[in-house]
Amino acid sequence: MTSQSPRTNGNTPSWDAIFDRYGIHEHDFDYGPYEISAADIKVACQHFTRTSEKEVRILCKQDTRESRPRIFREKGLFILPIRNGNYAIVKGEGYADVPTIQSPLQEYSSKFPFELETAQVGDSEMQYLDRAYALSLIRHFANDDSLVLTIRGRKRTPRFDFVTGEFHISVRGVQTEVDAGYEGQDQVVLIEAKGSNATNTIIRQLYYPFRQWQQHTTKPVSTLFFQRKGGEYHLWHFGFDNPDDYNSIRLLNSARYKITRAGG
């Protein structure tokens with residue numbers, strides 16, 4: 001991983017300013033999370049000139065352990081949205097490892113009747129995810145030929161409660177985004193797609209949609225993590241042993257594929 005300067009790594013100066021303004025250094029995170037609003041973050045960062053140093057969405061986007069600001073890493077903290085415009089800074093493990101897949105590379109031969117030329121233009125995670133679905137690789141990994149794309153984009157959560165470590169968290173009206181969601185006859189499958197270098201991910205990106213869609217369907221909800229690495233397609237299936245426990249995440253299955261034929 002490329003090293004970053006303190007200024008660019010995790011928006012450290014901005015979060016130092018936030019902690020200083022509200023005396024968060026003195027908060028006892030062993031006792032409970034610290035709640036902060038988007039409005040408070042804006043006030044503390046109003047003197048910064050660059051958008052990346054004062055935009056709340058950017059400052060609170062800490063998708064990997066390494067992307068956290070220095071103060072978060074030093075104190076073992078992570079941040080969760082809890083209501084529209086409100087966040088909880090929590091002590092504990094907020095991230096799950098995305099382990100290197102050690103199993104042999106599998107050759108996947110699609111029976112799709114023609115080559116998808118337009119699916120090979122560009123270089124985005126969504127493009128490769130769409131191609132994997134169109135060629136039925138997602139159905140193959142999930143062992144479900146009935147899956148149909150039904151979920152995509154941003155939605156707001158209903159209320160749900162959970163625990164992380166010793167702390168109780170209540171969430172309502174938080175915006176989530178699913179890269180792709182598929183409904184089959186007997187299950188719903190949600191996918192988070194990331195770039196090829198992610199070795200860990202904030203659990204929230206899997207857990208919040210999982211809890212959200214549990215309330216909208218009677219079918220079991222599965223959560224997948226997707227990456228394209230070079231010419232390979234990597235998939236991880238994560239589950240939650242206790243749906244009410246943020247940290248009960250567990251890797252259930254993983255596989256890596258090379259699409260060897262997209263036609264005939």
Side-chain angles (χ1 to χ4, degrees), residues 10 15 24 27-38 56-57 59-69 71-99 151 154-179 181 187-194 198-217 219-226 236-254:
W15 277 105
I24 305 176
H27 179 77
D28 184 358
F29 284 99
D30 290 321
Y31 179 78
Y34 183 92
E35 293 192 17
I36 190 167
S37 70
V56 175
R57 179 186 60 83
L59 293 175
C60 295
K61 183 177 173 60
Q62 301 173 17
D63 291 349
T64 65
R65 294 186 184 101
E66 298 78 15
S67 66
R68 291 174 298 168
I71 191 67
F72 278 65
R73 287 179 274 120
E74 289 177 349
K75 292 180 176 290
L77 307 175
F78 64 102
I79 191 166
L80 293 172
I82 53 174
R83 294 181 302 279
N84 185 23
N86 289 271
Y87 300 85
I89 302 174
V90 186
K91 185 174 183 178
E93 178 55 270
Y95 299 83
D97 291 327
V98 181
I151 304 168
R154 299 173 180 173
K155 292 181 173 61
R156 293 205 175 272
T157 66
R159 175 166 181 162
F160 60 88
D161 299 330
F162 63 92
V163 295
T164 174
E166 300 178 358
F167 308 123
H168 176 271
I169 305 288
S170 292
V171 169
R172 67 176 183 272
V174 168
Q175 182 174 277
T176 63
E177 185 168 7
V178 173
D179 291 320
Q187 67 171 327
V188 172
V189 175
L190 308 175
I191 295 190
E192 175 69 22
K194 287 294 185 184
T199 59
N200 63 83
T201 183
I202 191 163
I203 299 170
R204 170 185 57 78
Q205 291 189 321
L206 298 172
Y207 184 72
Y208 278 26
F210 167 72
R211 290 297 305 274
Q212 177 179 12
W213 287 99
Q214 271 194 327
Q215 297 193 35
H216 295 311
T217 179
K219 300 175 182 180
V221 178
S222 297
T223 53
L224 307 186
F225 192 85
F226 172 90
W236 295 259
H237 179 195
F238 288 95
F240 293 91
D241 291 333
N242 179 356
D244 296 322
D245 187 344
Y246 178 93
N247 296 107
S248 68
I249 190 169
R250 180 165 60 93
L251 179 64
L252 301 176
N253 186 28
S254 63

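- The closest side-chain heavy-atom distance from Leu190 to Asp179 is not below 4.5 Å.
- Checking each of Thr201, Asp63, Thr64 against Lys194 for a side chain to side chain donor-acceptor pair (under 3.5 Å) leaves exactly one that passes, namely Asp63.
- A salt bridge does not link Glu192 with Arg204: every distance from a Lys NZ or Arg NE/NH1/NH2 to an Asp or Glu carboxylate oxygen is 4.0 Å or more.
- Taken to the nearest 0.5 Å, the CZ atom of Arg154 stands 5.0 Å off from the CD atom of Glu177.
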Audit row: Thr199, Val98, side-chain contact (heavy atoms from CB on, under 4.5 Å) steps and yes/no: CA-CA 5 Å; Thr199 59; Val98 181; 5.6 Å; no

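- With hydrogens and angles left out, the side-chain atoms of Gln212 and Thr157 include no donor and acceptor closer than 3.5 Å.
- Inter-residue side-chain proximity for Tyr207 and Ile202 is flagged as unmet; no heavy-atom pair is nearer than 4.5 Å.
- The shortest side-chain heavy-atom distance between Ile82 and Glu35 falls under the 4.5 Å cut-off.
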Side-chain donor-acceptor contacts of residues 162-170 below 3.5 Å, not counting sequence neighbours, with atom names and distances?
{"residue": "Thr164", "atom": "OG1", "partner": "Asn247", "partner atom": "OD1", "Å": "2.8"}
{"residue": "Ser170", "atom": "OG", "partner": "Arg159", "partner atom": "NH2", "Å": "3.3"}
{"residue": "Ser170", "atom": "OG", "partner": "Asp161", "partner atom": "OD1", "Å": "2.8"}

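- Between Glu93 and Arg65 a salt bridge is recorded (basic side-chain N to carboxylate O distance below 4.0 Å).
- Pro243 is listed as a side-chain neighbour of Gln214, based on a closest heavy-atom distance under 4.5 Å.
- Between Lys91 and Tyr31 there is no side-chain heavy-atom pair separated by less than 4.5 Å.
- Between Trp213 and Lys155 there is a side-chain heavy-atom pair separated by less than 4.5 Å.
- Asn84 pairs by the side-chain contact (heavy atoms from CB on, under 4.5 Å) definition with Arg156, not counting sequence neighbours.
- Smallest separation of non-hydrogen atoms from Trp15 and Pro69: CD1-CG, 3.5 Å.
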